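These notes are about the structure you will find just below.
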Amino acid sequence: MLYAVSGPTPCISYRRSPNFHQRRLAPTRFRVSSSLPEPNGVKAEYTPWLIVGLGNPGIKYHGTRHNVGFEMIDHISQVEGVQLNTIQSKALIGIGSIGEVPILLAKPQAYMNFSGESVGPLAAYYQVPLRHILLVYDEMNLPNGVLKLQRKAGHGYHNGVKSVIGHLDGCREFPRLCIGIGNPPGSMDMKAYLLQKFSLLEREQVDAALQQGLDAVRNLVLHGFNNSTTRFNLEQKYKYHKV
């Protein structure tokens, strides 16, 4: 069953570069009505989700640990049939739906550390509330291939997340889907580790995680945070633990 989201939809302001002279776009409502009316004959209206994967653009970074956020967006795009074919606010975007709920997929193209330059303007333009901005990114504090879905969190020293928070007026109250990539082995440089491709075993774990992540995203978009979310996080936490 799908649920209509009610309540105010605040317009999010965002910081603009002093060198930004492009004509300002007027905010627009990005909503759709259900194809099937409710029992009272009124069609439900759904608040859209802005789902953003963090990463670096270019073939050089394809398949690296730091780009798993991009991979999640690509996976959602492929399975849900959402074409990423438009550039807006320095991001590659695609508009579609999961079930009856409209979604906007985005892959910022201004490099990881400037991701907020895309997220802030997109959220403001489409009038997406904070609670419907899902940020997907790599997390070294989780084992490789382990996922975690959160209502809100800090930036955890992740520069991409830090940029997004900065361009959402410092607000941290938006959902996250973290994809574990593990910590660098030994004394390996962190930057070198992030820009390294996965081993064969790690690749298998990440590919499995992408499908699990898609299932979690579907549940979140259609039903919000619920008991399934709690169960998902618990299963992910112990997925590599043998009983």
Side-chain angles (χ1 to χ4, degrees), residues 49-80 82 84 91-94 98 103-116 118-119 133-150 153-165 174-185 188-221 229 232-233 235-237 239-240:
W49 279 84
L50 171 58
I51 306 174
V52 184
L54 300 188
N56 289 306
I59 192 66
K60 174 182 177 182
Y61 302 102
H62 181 72
T64 60
R65 303 177 197 277
H66 216 22
N67 268 40
V68 289
F70 273 13
E71 290 192 41
M72 187 74 250
I73 297 300
D74 289 337
H75 190 60
I76 297 173
S77 168
Q78 180 181 10
V79 176
E80 298 296 337
V82 180
L84 297 166
L92 179 62
I93 70 169
I98 292 179
I103 61 171
L104 174 68
L105 302 180
K107 294 165 62 177
Q109 300 294 294
Y111 289 96
M112 179 70 78
N113 293 359
F114 306 99
S115 300
S118 296
V119 180
I133 301 174
L134 176 62
L135 201 63
V136 187
Y137 57 92
D138 56 290
E139 176 57 74
M140 288 196 300
N141 290 326
L142 292 174
N144 189 74
V146 171
L147 307 175
K148 186 174 183 180
L149 196 55
Q150 300 174 284
H155 55 71
Y157 302 103
H158 190 295
N159 288 331
V161 180
K162 188 183 297 184
S163 173
V164 171
I165 292 174
F174 56 88
R176 330 289 179 86
L177 176 60
C178 303
I179 305 176
I181 60 171
N183 281 298
M188 183 177 184
D189 178 70
M190 183 177 68
K191 182 178 179 180
Y193 180 74
L194 291 173
L195 301 182
Q196 183 185 61
K197 294 183 184 293
F198 295 101
S199 67
L200 290 178
L201 174 59
E202 290 170 336
R203 182 74 261 174
E204 291 178 0
Q205 293 172 335
V206 168
D207 287 343
L210 293 178
Q211 182 55 48
Q212 295 161 4
L214 172 59
D215 294 338
V217 170
R218 282 173 173 161
N219 179 71
L220 178 63
V221 168
T229 309
F232 169 79
N233 283 333
E235 291 173 350
Q236 287 293 315
K237 183 177 181 179
K239 69 191 295 185
Y240 295 141

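Here the structure is a predicted model, which is why all the values come from computation and not from measurement. Computed over heavy atoms, backbone and side chain alike; hydrogens, waters and symmetry mates excluded. Residue numbers run from 1 in the order of the sequence given.
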> Say you draw a straight line from CG of D138 to CE of M72; how long is it, rounded to the nearest 0.5 Å?
Replying inline: 14.0 Å
> Got a sec, which pairs hit salt bridge (charged side-chain N to carboxylate O under 4.0 Å, His left out) with one end in residues 52-61, sequence neighbours left out?
Replying inline: none
> Passes side-chain contact (heavy atoms from CB on, under 4.5 Å), N183 versus Y193? Steps please.
Replying inline: CA-CA 8 Å; N183 281 298; Y193 180 74; 5.8 Å; no
> Under the side-chain contact (heavy atoms from CB on, under 4.5 Å) criterion, do V221 and N219 qualify, and how do the steps go?
Replying inline: CA-CA 6 Å; V221 168; N219 179 71; over 6 Å; no
> Looking only at atom types and distance, does a side-chain atom of S77 sit under 3.5 Å from a main-chain N or O of V82, one as donor and one as acceptor?
Replying inline: yes
> Does E204 reach the side chain of D207, with side-chain heavy atoms less than 4.5 Å apart?
Replying inline: no
> Is the closest side-chain heavy-atom distance between V79 and L214 below 4.5 Å?
Replying inline: yes
> To the nearest 0.5 Å, what is the distance between CH2 (W49) and CD1 (I98)?
Replying inline: 10.0 Å
>> Can you list everything that forms a side chain to side chain contact (heavy atoms under 4.5 Å, CB included) with I59? Sequence neighbours excluded, please.
In response: H62
> Looking only at atom types and distance, does a side-chain atom of N67 sit under 3.5 Å from a main-chain N or O of F70, one as donor and one as acceptor?
Replying inline: no
> Would you call I93 and L84 a side-chain contact if the rule is heavy atoms closer than 4.5 Å?
Replying inline: no
> Which heavy atom in G145 sits nearest to a heavy atom in Y240, and how many Å separate them?
Replying inline: CA-OH, 3.8 Å
> With side chains defined as the heavy atoms from C-beta onward, is the minimum distance between E139 and I179 less than 4.5 Å?
Replying inline: no
>> Applying side-chain contact (heavy atoms from CB on, under 4.5 Å) to M188 and Q196, what does each step give before you reach the verdict?
In response: CA-CA 11 Å; M188 183 177 184; Q196 183 185 61; 3.5 Å; yes
>> List the residues meeting side-chain hydrogen bond (donor to acceptor under 3.5 Å, both in side chains) with Q78, not counting sequence neighbours, and say none if there are none.
In response: none
> Has F114 got more than 12 heavy atoms of other residues, nucleotides or ligands less than 6.0 Å from its CZ?
Replying inline: no
> Do the non-hydrogen side-chain atoms of P175 and Q150 ever get within less than 4.5 Å of each other?
Replying inline: no
> With distance as the sole criterion, is a donor-acceptor pair present between the side chains of Q211 and D215 under 3.5 Å?
Replying inline: yes
>> In the structure I gave you, are the side-chain heavy atoms of V136 and L54 within less than 4.5 Å of one another anywhere?
In response: no
>> Just to verify, what does Q236 make a side chain to side chain contact (heavy atoms under 4.5 Å, CB included) with, not counting sequence neighbours?
In response: V146, L147, Q212, F232, K239
> With a 4.5 Å heavy-atom cut-off, do L194 and T64 have their side chains touching?
Replying inline: no
>> Before you tell me yes or no, could you show the steps for L134 and R176 under side-chain contact (heavy atoms from CB on, under 4.5 Å), namely the whole-Å CA-CA distance, both residues' side-chain angles and the distance that decides it to 0.1 Å?
In response: CA-CA 5 Å; L134 176 62; R176 330 289 179 86; 5.5 Å; no
>> Once ring pair (Phe, Tyr, Trp, His ring centres under 6.0 Å) is applied, do any residues pair with H66, and if so which ones, sequence neighbours excluded?
In response: H158
> side-chain hydrogen bond (donor to acceptor under 3.5 Å, both in side chains) with R218: which residues, sequence neighbours excluded?
Replying inline: E80
>> What I'd like to find out is whether the side chain of I51 reaches to under 4.5 Å of the side chain of L135, using heavy atoms alone.
In response: no
Would you mind writing out the side-chain donor-acceptor pairs for residues 104-112 within the sub-3.5 Å range, not counting sequence neighbours?
unit_1, atom_1, unit_2, atom_2, d
K107, NZ, D74, OD1, 2.9
K107, NZ, D74, OD2, 3.3
Q109, NE2, K107, O, 2.8

> Sequence neighbours excluded, which residues qualify as side chain to side chain contact (heavy atoms under 4.5 Å, CB included) partners of E202?
Replying inline: R65, N144, F198, S199, Q205
>> For a quick test of reading the model, state the closest non-hydrogen atom pair linking S115 to G160 and the distance between them.
In response: CB-O, 4.1 Å
> So, are R203 and E71 salt-bridged, with charged N and O less than 4.0 Å apart?
Replying inline: yes
>> With a sphere of 6.0 Å drawn around NZ of K197, does it hold more than 12 non-hydrogen atoms of other residues, nucleotides or ligands?
In response: yes
>> Can you list everything that forms a side chain to side chain contact (heavy atoms under 4.5 Å, CB included) with N113? Sequence neighbours excluded, please.
In response: N159
> How would you list, by chain and number, every residue that makes a side-chain hydrogen bond (donor to acceptor under 3.5 Å, both in side chains) with N233, sequence neighbours excluded?
Replying inline: none
